[in-house]
Amino acid sequence: MASSLTCTGVIWALLSFLCAATSCVGFFMPYWLWGSQLGKSVSFGTFRRCSYPVHDESRQMMVMVEECGRYASFQGIPSAEWRICTIVTGLGCGLLLLVALTALMACCVSELISRTVGRVAGGIQFLGGVHISQNSWHLASGSFQPMGSPFGRQEAERSQGLLIGAGCALYPLGWDSEEVRQTCGYVSGQFDLGKCEIGWAYYCTGAGAATAMLLCTWLACFSGKKQKQYPY
């Protein structure tokens with residue numbers, strides 16, 4: 001079967017698809033932030049949540065509906081930061097998925113990806129991904145610092161945060177919204193988890209993007225075969 005990829009390119013294509021799928025699954029799942037409300041487990045994504053309070057007319061009290069779903073409207077997302085996060089992260093995931101599917105097609109189509117096209121694809125993956133593993137660690141430990149702090153400035157210089165990384169960095173800015181504070185014991189704030197904790201979907205989204213940026217971007221430079229030189 002004809003292919004426009006080198007052996008390195010095949011590895012790049014498979015890894016790119018895995019990274020894109022990991023980030024997309026993490027982005028869609030509503031498990032970025034975990035907490036509890038009225039004795040029930042509650043989780044949030046960027047545009048979805050699981051378990052929400054409703055007023056029970058028969059018992060005249062608030063009860064938790066243990067279902068997962070997206071917000072009824074875009075404006076229904078609890079904070080402006082989360083709305084921006086949804087757009088930016090979704091765009092980053094879309095770019096990663098576009099490159100991954102193109103790379104998989106190149107495994108079966110000759111002359112689809114040249115050396116130059118492969119490098120451009122790597123640049124798109126760099127745009128869609130970011131190294132946020134250190135940021136995620138500090139979020140998990142509850143000691144994440146905003147960009148205005150010395151730690152934040154150092155990380156801003158060291159990491160090339162774009163799209164998915166920007167979305168993940170924006171997410172903690174929405175922790176001061178009323179919905180999150182209800183779930184986190186009214187002690188959460190921007191970059192302060194309170195009684196909540198980071199969920200696996202946040203790490204999943206970041207891990208896929210980080211791998212795409214750090215590894216796939218490099219492999220993409222060697223993915224395409226040299227184009228044949230024709231005499232005319």
Side-chain angles (χ1 to χ4, degrees), residues 23-24 26-37 42-53 68-96 127-210 213:
S23 289
C24 289
F27 170 61
F28 182 76
M29 300 302 287
Y31 305 119
W32 284 41
L33 186 67
W34 287 96
S36 63
Q37 186 176 351
V42 179
S43 62
F44 296 92
T46 62
F47 62 97
R48 302 178 71 213
R49 68 171 288 173
C50 290
S51 299
Y52 54 91
C68 296
R70 64 178 179 84
Y71 290 96
S73 66
F74 185 72
Q75 294 299 322
I77 296 175
S79 67
E81 292 83 2
W82 282 16
R83 290 192 286 271
I84 297 173
C85 176
T86 299
I87 295 173
V88 172
T89 307
L91 179 59
C93 288
L95 288 175
L96 292 185
L127 178 65
V130 63
H131 181 201
I132 62 166
S133 57
Q134 291 180 339
N135 287 358
S136 300
W137 169 259
H138 286 274
L139 279 169
S141 63
S143 61
F144 188 88
Q145 300 294 323
M147 288 300 181
S149 68
F151 174 81
R153 288 194 297 269
Q154 181 181 9
E155 288 302 301
E157 293 169 357
R158 290 169 55 187
S159 61
Q160 305 298 316
L162 299 171
L163 295 182
I164 293 178
C168 291
L170 283 170
Y171 192 70
L173 291 173
W175 293 349
D176 63 345
S177 66
E178 183 62 23
E179 284 192 31
V180 175
R181 287 177 57 80
Q182 289 174 355
T183 303
C184 301
Y186 288 97
V187 291
S188 66
Q190 291 186 346
F191 298 97
D192 185 356
L193 284 168
K195 295 183 178 180
C196 291
E197 61 183 28
I198 294 294
W200 63 265
Y202 181 91
Y203 293 112
C204 192
T205 306
M213 175 184 169

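Note that these values count all heavy atoms, side chains included, but never hydrogens, waters or copies made by symmetry. A quick note: this is a predicted structure, and the numbers were derived from the prediction, not measured.
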* Asked: Under 2.5 Å between the SG atoms of C50 and C68?
  -> yes
* With respect to the side-chain SG atoms, do C184 and C196 come within less than 2.5 Å? -> yes
What I'd like to find out is whether the side chain of [X] reaches to under 4.5 Å of the side chain of [Y], using heavy atoms alone.
X	Y	result
L96	I164	yes
T183	F44	yes
R48	F28	yes
L173	F191	yes

* **Set of residues satisfying side-chain hydrogen bond (donor to acceptor under 3.5 Å, both in side chains) with respect to Y71, sequence neighbours excluded** => E179
Can you check whether [Y]'s main-chain N or O pairs, donor with acceptor, with [X]'s side chain at less than 3.5 Å?
X	Y	result
Y202	G26	no
R181	S188	yes
R49	V42	no

* **Spacing of CD belonging to Q190 relative to OG belonging to S177, to within rounding of 0.5 Å** => 10.0 Å
* **Nearest-0.5 Å distance that lies between atom OG1 in T86 and atom CG in L91** => 12.5 Å
Which heavy-atom pair separates [X] from [Y] by the least distance, and what is that distance?
X	Y	value
W175	I198	CZ2-CD1, 3.7 Å
G185	K195	CA-CD, 4.3 Å
R83	I77	NH1-O, 2.9 Å
P30	S43	O-OG, 2.9 Å
L33	Y171	CB-OH, 3.7 Å
T205	S23	O-OG, 3.1 Å

* For side-chain contact (heavy atoms from CB on, under 4.5 Å), just list the numbers for F74 and I87, CA-CA rounded to whole Å, side-chain angles, deciding distance to a tenth of an Å, and then say yes or no. => CA-CA 10 Å; F74 185 72; I87 295 173; 3.7 Å; yes
* To do: For the pair Y31 and W34, name the ring-plane relationship: parallel under 30°, tilted 30 to 60°, perpendicular over 60°.
  => parallel
* Parallel, tilted or perpendicular: which describes the rings of F27 and W32, with under 30° parallel and over 60° perpendicular? -> perpendicular
